[in-house]
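Nothing here was measured: the structure is a model prediction, and the numbers come from that model.
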Amino acid sequence: MKKNLILFTIKLSEKGLPLAILLIAFVVMPVAAQPTPNPSTENWLASPGIVGSLVLIALVLMIAILIVVKRASSIMDFFQQKKEKLSAKKLREELYLLEEDGIDEVLEARKAAKTYQLTGEELYKGGKAVDRKGIVSTYTNDPENPLVDEKKRSRTILQIPDELRKLVVWFLGSAIFWLVFGTTVGQYLGMKFMWPDLDHVSFLSFGRLRPVHTNTVFWGWASLAMIGLGYFVIAKTSNTKIYNYTIGWATWVLINLTLLIGNICLMAGINNGGGEYREYIWPVMIMFAIGLILTFYNFYKTIQLRKIAEIYISNWYILGAMIWTIVLAIIGYLPWYQNGLGETVVQGYYMHQGVGMWFMTFTLGLVYYYLPSSLNKPIYSYSLGVLAFWTQMLFYTMIGTHHFVFSPLPWWLQTVAIVFSAGMFIPVVAGTTNFLMTMRGSWNEISKSYVLPFFLVGVVFYFVGSTQGSLQAFRFTNFVWHFTDFNVAHSHMTMYGIITFMLWACIYALLPKITGYEPKQLLVGLHFWLAFIGLFAYMVSLMAGGTLRGLSWIAGDSFMESVILMQPYWVWRAIGGTLMFISHLVFAYNFYVMVKRRKQAPTPIQVPMKSTLANV
């Protein structure tokens, strides 16, 4: 057929029809959807995508070990302090039995030991300095030495308007409600993999509950949490009050109504067809879109009325995310060009833009504020932040089609998606470097608070999940992993490992500062480790099982054989999901502790809400 089209084009060109030639050329391109045969899987384990994914998993494991070592060191210090207290108690008991002269001698000797100071000449008495006793482990000539920079926990809270505090708390509270509800549904779905005959009720079927789970955690948990946290960032970095609180409350109502009515429709079988993450019908989703437009207007007007000249980089990300998502909602729901393969292209665009340009971009904007403010230091590099912002806007817009490699879509369109997926290394490396360099010198915070561990895991998964997504876009790895459970692991690695962990970090960093209360570190630690271990078990099991399942399909095994093959991996999926679900219940309780009204409020030091960009 292609040969006939070429001959026909040559005849038209002889008659002087250049426009016809151009049109025929565009027709030829989609015909050649796959000009080369499927790749060989003989050396699948040595492929760059597989090797890279294994290295990235090992990186996550190393970070877990680092956090465990730091926390273990903190526990050892606690027992050492307890031992010193017991020693002091024993000394008091011994002194009680001594004569008066003996007491004086003991106390003088102890005082001399406690007040002993080095003279400064132990290692250096002129000439070349030599460490003969092996006392010095490291040294620096930097007068602003970050090695000894430790941020102490403070009981101070920010003095912010009551309207803002209430708005933030209600956004976060409703977000946590939808998190618990959405993951309850997810937990039930995970159990259905092990017990398919768990129920025979139509509105509890997998096909209806699965979009309830995904849309609830997307538009309910993550979106409401981001907007609530964003309201504080916009006001703080602009050093002004929110333009209109009524708009904020209207948005809260609209988004929650979207979730309520949308989930009822989905469970009743009323949906938007096969469009993943856009199963809500347009009369429902239009309320969410109106809420986004109102929020964008409120944020924009607040920044416009700012009392400082600079626009902090968090606001770039937040406003950029909202603009792109408003455009995305319009493109994703307009019907007249979504027919056949056109709908497939739009679906790839919508699905990936939703994750990358809404959740990822907005959350990164939050991290650019909450990470440095929680460490009491400025962001490492404003320039790296700008580079990451613009390259994210450039490359992320064209990568959706990498979900349809080896499909009937034009081969050149698949190739463009793969190239732009590789280009995503630039914003990911820039952003990861910026965050890790901001954390540099503050690693002792890991042993004092779980805020930095949450941030650290989120940043590491930002690099690991995004890089793994780029590797998965390559043709060979896509050939093996497409349509398998590996994609479920990847989506949880990004939406849970990146977005959710970062949102948790921001919430734990903010709420104690605006309410004056914080949960017990034991419960925050329980939340952290249940979520982290659960996610690790969940994603590793599905990545391993998904890989073997893809290879079994390539080998020509039947679909049912691949289902039987996945059974042990689905067990671990259920175990990991259960740990994650329990962590959400702990988190909900921690939130309750932070926002619960007390009969007697604490008397913290009030800090005026005055923005200085050196301290955001």
### Carboxylate-amine/guanidinium proximity below 4.0 Å for Lys513 and Glu518
no
### Task
Could you tell me whether the side chain of Gln187 reaches within less than 4.5 Å of the side chain of Met580, counting heavy atoms only?
no
### Query
Take atom OH in Tyr188; do more than 12 heavy atoms of anything else shown fall under 6.0 Å from it?
yes
### Task
For the pair Phe218 and Tyr277, evaluate ring pair (Phe, Tyr, Trp, His ring centres under 6.0 Å) and give the outcome as yes or no after the intermediate values.
CA-CA 8 Å; Phe218 270 38; Tyr277 310 143; 4.5 Å; yes
### Query
Counting only heavy atoms not in Trp249, do more than 12 fall under 6.0 Å of its CH2?
yes
### Message
If you compare all heavy atoms of Asp485 against all heavy atoms of Leu542, which two are closest, and at what distance to 0.1 Å?
### Response
O-CB, 3.7 Å
### Query
Between Tyr450 and Phe454, what is the ring plane arrangement, given parallel below 30°, perpendicular above 60°, and tilted in between?
perpendicular
### Query
How about Trp572: does its CH2 atom have over 12 heavy atoms from other parts shown lying under 6.0 Å from it?
no
### Query
Hey, does Tyr369 have a side-chain heavy atom less than 4.5 Å from the side chain of Phe232?
yes
#### Entry: Residues forming a side chain to side chain contact (heavy atoms under 4.5 Å, CB included) with Phe536, sequence neighbours excluded
Ile57, Val60, Leu61, Met539, Val540
### Query
Within a radius of less than 6.0 Å around CZ of Phe463, do more than 12 heavy atoms belonging to other residues, nucleotides or ligands occur?
no
### Query
Stepwise, does the side chain to side chain contact (heavy atoms under 4.5 Å, CB included) test hold for Met543 with His490?
CA-CA 8 Å; Met543 289 170 78; His490 173 71; over 6 Å; no
### Message
Using the side chain to side chain contact (heavy atoms under 4.5 Å, CB included) criterion, which residues pair with Val185? Sequence neighbours excluded.
### Response
Phe181, Leu189, Leu209, Val212, His213
#### Entry: Residue pair Trp252 / Ser174, side-chain donor-acceptor N/O under 3.5 Å
yes
